[in-house]
Novice: 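Following this message is one structure expressed as structure tokens.
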Amino acid sequence: MKTEQQLPKNIRQIGSPAGHTKVYVEDYVITFLNALTTDHNTFVRGAILFGEKKKIGNDTIIFVRGAIEGQNLELDLDEAVFDDRVWREIYQQKDRFFGRMEVIGWALLRMGFSVRLNDKIKKTHFENFPGDGKVLYMIDQLEQEDAFYVYRGQDLVRQSGYYIYYEKNPMMQSYLIERNERIKEAKSYENMMEARRDEKVIRQFRERVMEKTKSSHRKGMIRRVASAAVMAIIIAAGGAMYYYSQNRTTIDFRSMVQGAVTTMGMGVHKQIATEKEKMPSTLQTQEQKTETTTEKKTEKTTQATEKTTQTIKQSTTEQRKARTIRREWETYRVRKGDTLVSISKRRYGNQRAIQRIRDLNGIGPKEQIYPGQKLLLPSYKK
């Protein structure tokens, strides 16, 4: 009779519990764990379980009264770390919500991996949840399977069944309320950050436009100043020549001008032919000059055409490369429960793309992603 009074009355049996070790799980806890398994954004989820172990008669009764989401178990067991920082956060939440309860075990929620143990799972349990009576609860939502394991006799022993009991659980209710509030705040924060990112993009665009406008004004001013400087040099040189001719008695400026006009009137060809006999190595006929000028113009035109064609080809190639690069990436919005590992596994079937995703989005090794965040992902496997 005393034993029956210490056990919950409102219970539901799952499976066929047998033996002297029995597990009782409070309804809020099992509901919360099942809710985590329905989040299909990740393949692996986890939770830390709190409760107590009692000796009632000849039986060892393990009560699981609380659970918190294990952020370090959202990845894969290869990357699940229980260091001092993780344990400090776990115990802070335990003290805040579950008082004097102890860490009674953990839950591992994996889709499509069954609820059978392997060496990796055992190692994680032995290293982080040692001691008799510590439990491991596993769920495979895909196969609709679940199982409790209890550490007993230096090994994890699978229970043939367990009990769900119903009672008021204000501790678990408080945790769930605060967790839902954090999720709402995260969504509001994501919306705010997205609005800020949009404002930043618009501001940067306007700054680039203003900078280009200022640059154009500066270039125009430089051209005007350079033209004025060249004009001033020409005027100064002309004034100097005029002054020089006026002050040198041996040079008759008017005679020079008149001689040039007379020479042109006599005919350029005749004058050049006469002078060519005297200085054949230093003079060219007007015809040769014209031909040379024409050839130079033709050569310059050809070079300019070739350069323009090459520029167009280069521009077309760059545009094709740009289009190809754009096709190599795609935008992805982070959903609740996403991690870089889960995104990489879901997209590419492995974790090798994590560093490429970090580099592409400028995400540091210790930075976390959050729901609503926009990421660039490679659209092909590599």
Side-chain angles (χ1 to χ4, degrees), residues 23 25-26 28-51 62 64-99 101-113 115 117-118 120-131 134-141 146-151 156 169 171-183 186 334-343 345 351 366-371:
V23 178
V25 187
E26 204 280 319
Y28 275 100
V29 176
I30 206 74
T31 301
F32 170 64
L33 296 176
N34 283 321
L36 285 181
T37 64
T38 59
D39 186 354
H40 300 291
N41 290 326
T42 55
F43 292 101
V44 179
R45 303 300 294 271
I48 308 300
L49 306 179
F50 302 102
I62 300 169
V64 181
R65 302 183 185 275
I68 61 173
E69 189 174 4
Q71 298 294 337
N72 62 314
L73 291 169
E74 284 189 7
L75 309 175
D76 194 352
L77 290 180
D78 288 330
E79 301 189 21
V81 177
F82 287 89
D83 54 18
D84 292 340
R85 181 185 62 80
V86 171
W87 278 116
R88 185 165 55 251
E89 292 176 356
I90 291 172
Y91 276 99
Q92 285 175 353
Q93 293 196 63
K94 182 194 81 68
D95 295 339
R96 184 175 180 185
F97 296 104
F98 303 106
M101 291 185 187
E102 63 175 302
V103 176
I104 202 69
W106 61 306
L108 184 59
L109 321 170
R110 306 192 303 170
M111 292 186 61
F113 290 93
V115 294
L117 296 177
N118 57 38
K120 192 185 301 181
I121 296 173
K122 287 185 177 182
K123 180 181 178 183
T124 302
H125 187 95
F126 296 158
E127 290 179 352
N128 299 284
F129 304 93
K134 293 296 176 67
V135 301
L136 165 61
Y137 180 53
M138 296 182 66
I139 302 178
D140 182 351
Q141 183 69 19
D146 70 337
F148 264 101
Y149 292 86
V150 179
Y151 187 81
L156 283 168
N169 192 346
M171 296 177 294
M172 194 66 197
Q173 290 176 6
S174 298
Y175 169 74
L176 293 176
I177 290 172
E178 181 166 314
R179 180 176 179 271
N180 292 335
E181 289 297 326
R182 286 200 306 269
I183 292 173
V334 178
R335 296 173 291 182
K336 186 182 74 171
D338 274 353
T339 63
L340 293 181
V341 172
S342 65
I343 292 172
K345 278 191 171 184
Q351 304 177 30
K366 296 184 179 180
E367 292 185 41
Q368 300 292 328
I369 61 175
Y370 50 86

Novice: Where is the tightest heavy-atom contact between Gly337 and Ser342, given as atom of each residue plus distance?
Specialist: O-OG, 4.4 Å

Novice: Show your working on side-chain contact (heavy atoms from CB on, under 4.5 Å) between Arg45 and Glu69 and close with a plain yes or no.
Specialist: CA-CA 8 Å; Arg45 303 300 294 271; Glu69 189 174 4; 2.2 Å; yes

Novice: Can you name the closest pair of heavy atoms from His125 and Val135 and give their distance?
Specialist: CE1-O, 3.7 Å

Novice: So does Asp83 have more than 12 non-hydrogen atoms from other groups sitting under 6.0 Å from CG?
Specialist: yes

Novice: Check whether Asn128 reaches the backbone of Thr124 with its side chain - one donor and one acceptor, N or O, closer than 3.5 Å.
Specialist: yes

Novice: Do Tyr149 and Tyr137 have their ring centres less than 6.0 Å from each other?
Specialist: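 No, the ring of Tyr149 stays outside the 6.0 Å limit from the ring of Tyr137, centre to centre.
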
Novice: Within a strict 4.5 Å, meaning less than it, do heavy atoms of the Gln92 and Phe97 side chains meet?
Specialist: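 Side-chain contact under 4.5 Å: no.
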
Novice: Within a 6.0 Å radius of atom CZ on Arg96, are there more than 12 heavy atoms belonging to other residues, nucleotides or ligands?
Specialist: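 Not buried by this count: 12 neighbours or fewer within 6.0 Å.
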
Novice: Relative to the ring of Phe98, is the ring of Phe50 parallel (under 30°), tilted (30 to 60°) or perpendicular (over 60°)?
Specialist: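 The rings of Phe50 and Phe98 lie parallel, inter-plane angle below 30°.
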
Novice: Mind checking whether Ile62 and Phe148 have side chains closer than 4.5 Å, heavy atoms only?
Specialist: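 A side-chain contact under 4.5 Å is absent here.
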
Novice: For Ile48 and Phe82, which heavy atoms make the closest approach, and how far apart are they?
Specialist: CD1-CE2, 4.0 Å

Novice: Quick one: does any side-chain atom of Asp140 pair with a main-chain N or O of Gly112 as donor and acceptor, under 3.5 Å?
Specialist: yes

Novice: Assess whether a salt bridge exists between Lys94 and Glu102, defined as any Lys/Arg side-chain N lying under 4.0 Å from an Asp/Glu carboxylate O.
Specialist: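 The answer is no: the pair does not qualify as a salt bridge.
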
Novice: Between Phe129 and Trp87, is the gap from one ring center to the other below 6.0 Å?
Specialist: yes

Novice: Taking side chain as C-beta onward, heavy atoms only, is Ile139 less than 4.5 Å from Val115?
Specialist: no

Novice: Which pair of non-hydrogen atoms, one from Val23 and one from Val150, has the smallest distance, and what is that distance?
Specialist: CG2-CG2, 4.0 Å

Novice: For residues Gln93 and Tyr175, report the shortest heavy-atom separation together with the two atoms involved.
Specialist: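 Gln93 and Tyr175 have their closest heavy atoms at OE1-CE1, 3.6 Å.
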
Novice: Tell me the closest heavy-atom pair linking Leu36 and Leu109, and the distance in Å.
Specialist: CB-CD1, 3.6 Å

Novice: Do Leu156 and Phe126 come close enough that some side-chain heavy atom pair is under 4.5 Å?
Specialist: yes

Novice: Look at the side chain of Asp338 and the backbone N and O of Arg335, then say whether any donor-acceptor pair between them is shorter than 3.5 Å.
Specialist: yes

Novice: Just wondering, do Val29 and Met172 contact through their side chains at under 4.5 Å, heavy atoms?
Specialist: yes

Novice: Could you walk me through whether Arg65 and Leu49 pass side-chain contact (heavy atoms from CB on, under 4.5 Å), step by step?
Specialist: CA-CA 8 Å; Arg65 302 183 185 275; Leu49 306 179; over 6 Å; no

